[in-house]
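Just below is one structure, and these are the notes that go with it.
The model shown is predicted, which means the values in this text are computed figures rather than measured ones. Hydrogens, waters and symmetry mates play no part in the numbers below; they use all other heavy atoms, side chains included. Residues: numbered from 1 along the sequence shown.
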Amino acid sequence: MTDDPFRILVVCTGNVCRSPVAAAVLRDALAEIAPGDFVVDSAGTRALVGEPAQPESAAIATRFGSTLEGFTARQLTESMVARADLVLILAERHRASILRLHPALKRTFTLREFARLVATLPVDPSEHALAQDGEPRGAWRHLVARAWEAKSADSPASEGENDVVDPYRLGPEVWSQMTDELVPALEVIFGRADLVARG
């Protein structure tokens with residue numbers, strides 16, 4: 001395991017629906033692609049602290065080969081944001097909560113926004129070289145900086161385009177929508193991780 005892994009923090013509101021699923025699937029996929037290179041956690045801006053993930057979230061995680069067994073919701077803190085190399089929020093409205101805690105603007109993106117930006121960026125050989133030299137944190141910090149530059153040149157997203165719907169206490173069709181919005185974005189990140197790790 002690398003001594004200096006790249007730290008990803010996934011944030012939603014209650015930390016019982018969206019962010020636990022995204023973090024678990026992301027953590028397990030990245031561990032398979034690049035063992036030890038990443039640490040992935042989740043938290044909520046208004047967390048239902050100590051509550052387990054919603055049963056629907058647990059079922060979705062299981063479907064994608066992960067588990068939320070033993071998971072309990074955590075409240076977002078300043079130290080969590082300060083430690084994170086990348087903060088992936090599940091809706092635009094979470095950005096203000098992040099920035100009130102810590103000046104992390106250039107490393108805070110919605111999940112869908114980050115995936116969309118990364119998908120447009122050509123592979124940089126220096127990122128693969130850093131990963132091969134045991135410096136995944138350097139490789140991915142470089143990628144995050146490139147994503148920020150791409151965002152600065154990007155046209156503003158339409159309302160809701162970057163969000164993942166919150167299904168808390170809603171019906172199965174909203175849970176299905178959440179999954180449909182999460183999975184393609186996660187797959188982009190997995191794909192880039194594979195390119196960075198393997199070249």
Pair R137-D4, salt bridge (Lys or Arg N to Asp or Glu O under 4.0 Å): steps then yes or no: CA-CA 6 Å; R137 194 178 191 191; D4 202 17; 2.8 Å; yes
D41 backbone acceptor or donor facing R27 side chain under 3.5 Å: no
Non-hydrogen atoms of C17 and Q54 that approach each other most closely: SG-CG, 3.5 Å
Euclidean distance, W175 CH2 relative to E56 CD, rounded to 0.5 Å: 4.5 Å
Salt bridge flag under 4.0 Å for residues D163 and R112: no
Under 3.5 Å: donor-acceptor pair, side chain of R7, backbone of V87: no
side-chain contact (heavy atoms from CB on, under 4.5 Å) evaluation trace for H102 with M80: CA-CA 9 Å; H102 193 80; M80 290 178 190; over 6 Å; no
Euclidean distance, H94 NE2 relative to R46 CZ, rounded to 0.5 Å: 7.5 Å
Nearest-0.5 Å distance that lies between atom CZ in R74 and atom CG in L76: 9.0 Å
Any donor-acceptor pair under 3.5 Å from S57 side chain to A53 backbone: no
Validation row: V188, R116 side chains within 4.5 angstrom (heavy atoms): no
Parallel, tilted or perpendicular: ring planes of W140 versus F6, cut at 30 and 60 degrees: tilted
Under 3.5 Å: donor-acceptor pair, side chain of R18, backbone of L182: no
Any V144 side-chain heavy atom under 4.5 Å of F109 side chain: yes
Q177 versus E181, side-chain donor and acceptor atoms under 3.5 Å: yes
Atom of S19, atom of A43 and distance for their closest heavy-atom approach: OG-O, 3.7 Å
For P20 against N15, the heavy-atom pair lying closest together: CG-O, 3.4 Å
E135 backbone acceptor or donor facing D133 side chain under 3.5 Å: no
Test item: I8 and L88 side chains (from C-beta on) under 4.5 Å apart, heavy atoms: yes
Atom pair CG/CZ of L30 and R192 - distance to nearest 0.5 Å: 13.5 Å
Trace of the side-chain contact (heavy atoms from CB on, under 4.5 Å) decision for V11 with L90: CA-CA 6 Å; V11 176; L90 276 299; 5.8 Å; no
Pairwise side-chain contact, T179 with F64, heavy-atom cut-off 4.5 Å (strictly under): yes
Pair R93-T13, side-chain contact (heavy atoms from CB on, under 4.5 Å): steps then yes or no: CA-CA 9 Å; R93 65 191 178 90; T13 304; 3.2 Å; yes
From CG (L9) to CD1 (I98), nearest 0.5 Å: 6.0 Å
R107 side-chain N/O to A84 backbone N/O, donor-acceptor pair under 3.5 Å: yes
Common cluster, M178/V183, ILVMFWY with side-chain heavy-atom separation under 4.5 Å: yes
Nearest non-hydrogen partners of S126 and H142, listed with the distance: OG-CE1, 3.8 Å
L68 side chain near V21 side chain, heavy-atom distance below 4.5 Å: yes
Any side-chain heavy-atom pair of V39 and P5 under 4.5 Å: yes
Ionic contact status for R95 with E113, cut-off 4.0 Å: yes
Option passing side-chain contact (heavy atoms from CB on, under 4.5 Å) with L111 (candidates V10, L26, I189): I189
Shared hydrophobic cluster, V16 / L170 (ILVMFWY, side-chain heavy atoms < 4.5 Å): no
Approximate separation, where rounding is to 0.5 Å, of T108 OG1 and I89 CD1: 6.5 Å
Within 6.0 angstrom of E32 CD, more than 12 heavy atoms from elsewhere: no
Minimum heavy-atom distance E92-N162, with the two atoms named: OE2-ND2, 2.9 Å
Minimal non-hydrogen separation, Q75 against T45, with atom names: NE2-O, 2.9 Å
Residues T77, L101; criterion side-chain contact (heavy atoms from CB on, under 4.5 Å); working and verdict: CA-CA 7 Å; T77 66; L101 291 171; 5.8 Å; no
